[in-house]
2 protein chains.
Amino acid sequence: MTSIPEARWLDQDENRTWHAVWKLMTWLPARLDAQLRADAGLSLADYNALAEISAAPDHTVRLSELAASTNMTLSHLSRVMSRLETLGWVVRYPDPTDGRSTLAHLTDGGWAKVVATAPGHVEAVRRYLFDNLSAEESRALGAAAAVVASAAAPTGSARE
Amino acid sequence: MTSIPEARWLDQDENRTWHAVWKLMTWLPARLDAQLRADAGLSLADYNALAEISAAPDHTVRLSELAASTNMTLSHLSRVMSRLETLGWVVRYPDPTDGRSTLAHLTDGGWAKVVATAPGHVEAVRRYLFDNLSAEESRALGAAAAVVASAAAPTGSARE
DNA sequence: TGAGATTACTTTCCGCGTCAAGTTTTCGGT
DNA sequence: ACCGAAAACTTGACGCGGAAAGTAATCTCA
């Protein structure tokens, strides 16, 4: 009545690792989100969408592509875009070459917002992530995370 | 108008690492949550709470301690416990030694639920995490995650 | 060329989780 | 012994994000 009857339970090292990963997943996004909200009034999802659009040719992307590159559902992205459009950072219009698709285009104000916001966000990523890791640790983290991310990806989506 | 004027931008390796970590944080919790919901009708938060109580002496813990060990806010935990209590897995009662605190105690049904659910969850953790990593990669991931988690922890909480 | 299937969103409904405020109990100082 | 402060929750209000259903445009192919 005191031990769990489990064949492949985690050993002590695995348990430590899993707890560390769990804490990382719990706290890192919360911190980055908090930084963006405090300094730019944007959620992490908002920022990712803006940043991803700004990285596209002509600052324009199809929503379905944007959803894929930001790891958002189309449903979620739709809401994010509504907000960003209301705020004037983005405009949506139907793709002239395919009326089903809609294109998202960064406005000048949106671009200015990204330019103003990116440094602080990158700074936060450094503060919480890279500043605490040696080059070697960073490389190892990247490699391990990539493998795990690929294993946990939704539909065999090994994109990239 | 095409490059972001950023002094300490991420280099290519850092960018890849950051994206891999981002995907891990996006997908791993979603997968584990989905497994638990499908197989046990529990959210990941529910399961963590149950598991943590089951690990305590006499299957009993103070809520504030439980909140700390599960990385939940007291507010969130309060709602989780309401659910679990309604389902009959847990009971709450005031701490006899300090009327402010309340103790959570796993019922027999709750213990049975943990016993029935844990193997599948551990299996999922293995499938998405450890089965994809060598011992060395696993160790490196744990070390890096621990450092980052500690840097991103809420209030200098370097507990453990 | 004209259904029926598909693609690409959008919207509605709902649960989860947070913040802020409220309640109860205990502690600290006089 | 009493009053103010602190601790430990609980609750109300709110935003985020997902699943499923709805809508509009485009393809498929007979």
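Letters A, B, ... mirror the listed sequences (proteins, then strands); counts begin at 1.
- Between Leu106(B) and Lys113(B), every side-chain heavy-atom pair lies at or beyond the 4.5 Å cut-off.
- Close to dC9(C), at under 4.0 Å from its OP1 or OP2, lies a side-chain N or O of Ser64(A).
- Atom CG in Asp33(A) sits about 10 Å away from atom C1' in dC16(D), given to the nearest Å.
- Ion pairing between Asp46(B) and Arg83(B) holds under the 4.0 Å rule for side-chain N and carboxylate O.
- In this structure, the separation between NE2 on His59(A) and CD on Glu52(A) is 12.0 Å, given to the nearest 0.5 Å.
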Between the protein and nucleotides 11-14 of chain C, are there any N/O to N/O pairs under 3.5 Å, and if so, what are the atom names and distances?
residue	atom	partner	partner atom	Å
dT11(C)	O4	Ser75(A)	OG	3.1
dT12(C)	O4	Arg79(A)	NH2	2.2
dC13(C)	N4	Arg79(A)	NH2	3.3

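- Taking CG of Leu133(A) as the reference point, atom OH of Tyr128(A) lies at 14.5 Å (rounded to 0.5 Å).
- Side-chain nitrogen and oxygen atoms of Arg37(A) include none within less than 4.0 Å of the OP1 or OP2 phosphate oxygen of dG15(D).
- OP1 or OP2 of dG18(D) has at least one side-chain nitrogen or oxygen of Thr73(A) nearer than 4.0 Å.
- Taking atom CE of residue Met72(A) and atom C1' of nucleotide dA8(C), one finds them 17 Å apart after rounding to whole Å.
- DNA chain C lies under 4.0 Å from at least one heavy atom of each of the following residues of residues 93-102 of chain B: Asp98(B), Gly99(B), Arg100(B).
- Between the CG atom of Leu44(B) and the P atom of dG18(D) there is a distance of 15 Å, rounded to whole Å.
- By the rule that hydrophobic residues join a cluster once side-chain heavy atoms approach within less than 4.5 Å of another member, Val115(B) and Val91(B) end up as members of separate clusters.
- Rounding to the nearest 0.5 Å gives a distance of 6.5 Å between CG of Leu141(A) and CG of Leu141(B).
- The side chain of Arg83(A) places an N or O atom within less than 4.0 Å of a non-bridging phosphate oxygen (OP1 or OP2) of dC16(D).
- Leu36(B) places its CG atom 13 Å from the P atom of dC16(C), with the value rounded to the nearest Å.
- Atom CG of Leu103(A) is separated from atom P of dT10(C) by 11 Å (rounded to the nearest Å).
- Rounded to a whole Å, the CG atom of Leu32(B) is 17 Å from the P atom of dC16(C).
- Of the inter-residue distances, the one linking Thr60(A) atom OG1 with Leu103(A) atom CG reads 7.0 Å to the nearest 0.5 angstrom.
- A salt bridge links Arg139(B) to Glu136(B): one of the charged nitrogens lies within less than 4.0 Å of a carboxylate oxygen.
- With hydrogens and angles ignored, the 3.5 Å screen pairs a side-chain donor or acceptor of Arg31(B) with a backbone N or O of Ala153(A).
- Atom-to-atom, CG of Leu66(A) to P of dA8(C) comes out at 14 Å; the value is rounded to the nearest Å.
- The nearest whole Å value for the distance from the CG atom in Leu63(A) to the C1' atom in dA25(D) is 15 Å.
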